[in-house]
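The block underneath contains the structure these notes are about, expressed in structure tokens.
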Amino acid sequence: MSNSSSSDDSGPLLGPADVRELAAALGVRPTKQRGQNFVIDANTVRRIVRTAGVRPDDVVVEVGPGLGSLTLALLEAADRVTAVEIDEVLAAALPATVAARLPERADRFALVHTDAMHVTELPGPAPTALVANLPYNVAVPVLLHMLATFPTIDRTLVMVQAEVADRLAARPGNKVYGVPSVKANWYAEVKRAGAIGRNVFWPAPNVDSGLVSLVRREKPLETTASRDEVFAVVDAAFAQRRKTLRAALSGWAGSAAAAEAALVAAGISPQARGEALTVEEFARIAENKRQGDGG
């Protein structure tokens, strides 16, 4: 009946042979330095798009599209896709890949050739979703930068190293709960959204990967402190993890006594440690320092 063979069941998406062929034609070797691992499995990118809940009216921003495996799957599902790619060779090749494989969607695709850490604006309508296989070595800073810079992004699904996924989604009291967990939580509800095996990548990394879903808070955190003020407390609290907050925040507050005063005013034990606190509690500490400063 059906004449579909395993070689064409990926449709316009990239299979293992396509990825290697494209890479060879471009003279591209995935580099460790940029944390590049290309996805070679069409079912995996379809699963990512499905898990991300990409809708036909979504404007998706993708960071680190590489050869375009995920880009093509996103373009099939979303209204438009903007990809941010730092690598010159990959950035130059991607529009041609899109035009060859999804010609009817090519006008829905935009490419920005730059470092995602420095992106301040994107062409076209404001993005509503961020979906990306983030380069391992810059995953957290890129994610936080994108959430801070584009408040219209209300849903995010990123593939990161499993250990980073655990850290982002950790809750207070968990031993891997730390700065990324608290800062991600400032913006969004964060949860693990699945695991990704090593064999869907080329080259296969020597670590597992995980999906993290971030759904932006409907209402921003209620606090009179600014984000920078709250993040300063978070950074100080985790800079010396084993110390009590009274000791860890003494530099931030100006003295251990001032730190203690801010903690007590916020209703938090000076003997507590950073990993026990929610983002709301960090915000309360920041507010009480401001009052202590007389401002």
Side-chain angles (χ1 to χ4, degrees), residues 1-26 28 30 35-56 58 60-83 85 90 93-94 96-106 108-109 129-136 139 155-166 168-169 191-215:
M1 270 290 281
S2 148
N3 64 355
S4 80
S5 70
S6 63
S7 63
D8 66 359
D9 64 3
S10 54
L13 305 186
L14 301 176
D18 303 313
V19 170
R20 290 194 172 87
E21 223 169 274
L22 259 175
L26 297 172
V28 167
Q36 288 168 334
N37 296 90
F38 300 131
V39 181
I40 54 173
D41 179 58
N43 288 328
T44 297
V45 293
R46 285 199 189 101
R47 178 185 151 204
I48 291 170
V49 171
R50 208 168 48 241
T51 307
V54 175
R55 302 191 290 251
D58 269 323
V60 179
V61 58
E62 181 190 8
V63 173
L67 293 164
S69 305
L70 178 57
T71 315
L72 293 165
L74 288 167
L75 264 174
E76 284 187 322
D79 182 49
R80 51 184 65 232
V81 175
T82 301
E85 176 58 68
L90 295 172
L94 196 52
T97 302
V98 169
R101 293 188 157 256
L102 278 178
E104 71 283 9
R105 306 291 293 157
R108 298 285 175 169
F109 173 70
L130 166 65
V131 185
N133 165 22
L134 288 178
Y136 283 172
R155 280 158 299 121
T156 294
L157 186 80
V158 290
M159 174 158 54
V160 293
Q161 206 168 319
E163 186 190 321
V164 175
D166 290 339
L168 282 165
K191 64 177 203 297
R192 276 295 293 259
I196 301 276
R198 303 175 185 198
N199 56 347
V200 303
F201 295 100
W202 172 68
N206 52 8
V207 289
D208 293 317
S209 299
L211 296 173
V212 181
S213 153
L214 300 97
V215 177

Kindly compute the distance separating [atom1] ([X]) from [atom2] ([Y]), expressed to the nearest 0.5 Å.
X    : Y    : atom1 : atom2 : answer
T156 : L130 : OG1   : CG    : 4.5 Å
L75  : E104 : CG    : CD    : 9.5 Å
I40  : L67  : CD1   : CG    : 11.5 Å
K191 : S213 : NZ    : OG    : 4.0 Å
R46  : L13  : CZ    : CG    : 4.5 Å
R108 : T82  : CZ    : OG1   : 11.5 Å

Could you tell me which non-hydrogen atom of [X] sits nearest to which non-hydrogen atom of [Y], and how far apart they are?
X    : Y    : result
V45  : A73  : CG2-CB, 3.9 Å
R20  : W202 : NH2-CD1, 3.4 Å
P65  : A83  : CG-CB, 3.6 Å
A77  : V49  : CB-CG1, 3.6 Å
R192 : A169 : N-CB, 3.7 Å

Would you say the side-chain atoms of [X] pair up with the backbone N or O of [Y], donor to acceptor, closer than 3.5 Å?
X    : Y    : result
R155 : G53  : yes
R105 : V98  : no
R198 : N206 : yes
N37  : P203 : yes
S69  : L14  : no

Minimum side-chain heavy-atom gap [X]-[Y] below 4.5 Å:
X    : Y    : result
F109 : R80  : no
I196 : D208 : no
V158 : L211 : no
V131 : V60  : yes
M159 : L134 : no

Please determine if R101 and D18 form a salt bridge, counting it only when a charged side-chain N lies under 4.0 Å from a carboxylate O. yes
For the side chain to side chain contact (heavy atoms under 4.5 Å, CB included) test, which of L22, L70, V28, V200 pairs with F38? V28
Step-by-step side-chain contact (heavy atoms from CB on, under 4.5 Å) determination, F201 to T44: CA-CA 10 Å; F201 295 100; T44 297; over 6 Å; no
Name the one of E76, E62, E85 that satisfies side-chain hydrogen bond (donor to acceptor under 3.5 Å, both in side chains) with T71? E62
